Amino acid sequence: MSRPRPLLVLASGNEHKVEEIRTILTPSLPGLDLSRIVSMAEFGVDSPVEDALTFEGNALLKARAVTAATGLPALADDSGLTVDAMGGAPGIFSARWSGGHGDDAGNLELLLAQVSDLKEEDRGAQFVCAAALALPDGKSVTTEGIMRGVLATQPRGKNGFGYDPAFIADGYRVTNAELSAEEKNQISHRAKAMRDMAPYIAKLFDQSH
């Protein structure tokens, strides 16, 4: 039995992220074959340099690059943490705040050191995710999801990644890293951005018949 033709390429080579986004989208796209959403790794596409100055700009840059390389619609997202008292930093530099890209432990340690003297009421922060869908005809659409909260004084929890161990979402007493994947997917910035993107993805499935 042949595999269904890919319909949408995710601008990520991370299969875990592909599966996470499929899981997030499943309730919003009932009955659709989400195996047709595939990783750019299946096409041998490399990630472009993310040199835009906003989350939306980087998401669009990635989505458009993958569409150009594959000839298929592409979905990308860019996300990070913005801290009120730091003027929105680390922002687009979240993944490389301590110098090395993807050094989660170093990034978290540096950030907590930088806000260590702040009072609890001054530790407001938010996770932001911009999602972008690029189409082969040059059109694109973007959505945004925000998760407000505060920074903990010490990291807690083993789940999640990045700054999750130090972020407590509004209405919660535990950090994101103490939530299950299912609990986090109910409230996360990425989930919100992807749920808002779901109607546009549904149109791709409608047009493929």
Side-chain angles (χ1 to χ4, degrees), residues 3-82 91-92 94-95 126-148 161-162 169 176 181-209:
R3 181 181 171 184
R5 181 176 61 85
L7 180 64
L8 178 63
V9 184
L10 191 65
S12 172
N14 185 331
E15 285 298 337
H16 172 74
K17 189 172 182 180
V18 176
E19 195 54 45
E20 178 188 19
I21 288 177
R22 284 185 188 139
T23 300
I24 289 169
L25 288 172
T26 295
S28 301
L29 300 171
L32 299 182
D33 182 6
L34 299 191
S35 70
R36 297 181 71 185
I37 301 176
V38 302
S39 160
M40 68 182 189
E42 293 200 15
F43 294 87
V45 178
D46 294 325
S47 296
V49 176
E50 298 175 36
D51 55 4
L53 299 180
T54 63
F55 295 121
E56 181 183 62
N58 278 324
L60 276 168
L61 186 156
K62 290 187 282 188
R64 286 169 174 162
V66 172
T67 292
T70 64
L72 291 169
L75 177 65
D77 74 301
D78 193 48
S79 60
L81 179 71
T82 69
I92 59 169
S94 293
Q126 62 185 15
F127 276 115
V128 180
C129 176
L133 176 66
L135 304 176
D137 64 5
K139 294 179 181 177
S140 61
V141 62
T142 61
T143 58
E144 183 181 74
I146 291 174
M147 177 169 47
R148 281 291 303 176
F161 56 91
N176 279 5
E182 292 75 19
E183 289 170 324
K184 185 182 169 187
N185 281 343
Q186 293 296 315
I187 62 170
S188 80
H189 49 306
R190 177 172 290 120
K192 291 174 184 176
M194 290 299 168
R195 281 196 290 265
D196 285 349
M197 187 62 78
Y200 301 100
I201 298 173
K203 288 181 182 178
L204 297 178
F205 280 88
D206 290 342
Q207 293 164 3
S208 71
H209 294 308

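Values in this document were obtained by computation on a predicted structure and should not be read as measured data.
- Nearest heavy-atom pair across Ala131 and Ala193 is CB-CB, 4.1 Å.
- For Lys17, the salt bridge (charged side-chain N to carboxylate O under 4.0 Å, His left out) partners are Asp77, not counting sequence neighbours.
- A search for salt bridge (charged side-chain N to carboxylate O under 4.0 Å, His left out) contacts involving Glu183 returns nothing, not counting sequence neighbours.
- Atoms CG and OH, from Leu133 and Tyr200 in turn, are 9.5 Å apart once rounded to the nearest 0.5 Å.
- For Asp33, the side chain to side chain donor-acceptor pair (under 3.5 Å) criterion is met by Ser35, not counting sequence neighbours.
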Enumerate, atom names and distances included, each donor-acceptor pair closer than 3.5 Å involving a side-chain atom of residues 44-55, sequence neighbours excluded.
unit_1 : atom_1 : unit_2 : atom_2 : d
Thr54  : OG1    : Gly57  : N      : 2.8

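- Contact of the Ile37 side chain with the Leu25 side chain is registered, since non-hydrogen atoms from C-beta on lie closer than 4.5 Å.
- A heavy-atom distance below 4.5 Å is found between the side chains of Thr82 and Gln126.
- For Thr143, the side chain to side chain donor-acceptor pair (under 3.5 Å) criterion is met by no residue, not counting sequence neighbours.
- Side-chain contact between Leu29 and Leu34 is present, with at least one heavy-atom pair separated by less than 4.5 Å.
- Rounded to the nearest 0.5 angstrom, Asn185 CG and Thr23 OG1 are separated by 7.0 Å.
- Residues satisfying the side chain to side chain donor-acceptor pair (under 3.5 Å) test with Asp78, not counting sequence neighbours, are Asn58.
- Looking at Phe43 and Val66, their side chains never come closer than 4.5 Å, going by heavy atoms from C-beta outward.
- With sequence neighbours left out, the side chain to side chain donor-acceptor pair (under 3.5 Å) criterion links Arg22 to Glu19.
- Of the inter-residue distances, the one linking Leu135 atom CG with Leu72 atom CG reads 11.0 Å to the nearest 0.5 angstrom.
- Here the CG-CD distance, from Leu61 to Glu56, works out to 12.0 Å after rounding to the nearest 0.5 Å.
- Contacts classified as side-chain hydrogen bond (donor to acceptor under 3.5 Å, both in side chains) and involving residues 127-140 (residues at least two apart or in different chains) are given here: Arg64-Ser140.
- Side-chain contact between Met147 and Ile187 is present, with at least one heavy-atom pair separated by less than 4.5 Å.
- Remark: Glu144 pairs with no residue by the salt bridge (charged side-chain N to carboxylate O under 4.0 Å, His left out) rule, at least two apart or across chains.
- Taking the salt bridge (charged side-chain N to carboxylate O under 4.0 Å, His left out) definition, one finds that Lys184 meets it with Asp164, sequence neighbours left out.
- Ala191 meets the side chain to side chain contact (heavy atoms under 4.5 Å, CB included) test with Ile24, Ser188, Arg195; sequence neighbours excluded.
- Of all heavy-atom pairs spanning Ala76 and Ala59, the tightest one is CB-O, 3.3 Å.
- A donor-acceptor pair is defined here as one N or O able to donate and one able to accept, closer than 3.5 Å; such a pair exists between the side chain of Ser39 and the backbone of Ser12.
- In this structure, the separation between OG on Ser28 and CE on Met197 is 12.5 Å, given to the nearest 0.5 Å.
- Residues that satisfy the side chain to side chain contact (heavy atoms under 4.5 Å, CB included) test with Pro136, not counting sequence neighbours, are Thr67, Pro73.
- Looking at Val9 and Glu42, their side chains never come closer than 4.5 Å, going by heavy atoms from C-beta outward.
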| Could you walk me through whether Glu20 and Arg190 pass the side-chain contact (heavy atoms from CB on, under 4.5 Å) check? | CA-CA 10 Å; Glu20 178 188 19; Arg190 177 172 290 120; 3.5 Å; yes

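- At distances below 3.5 Å, at least one donor-acceptor pair connects side-chain atoms of Arg36 with backbone N or O atoms of Arg5.
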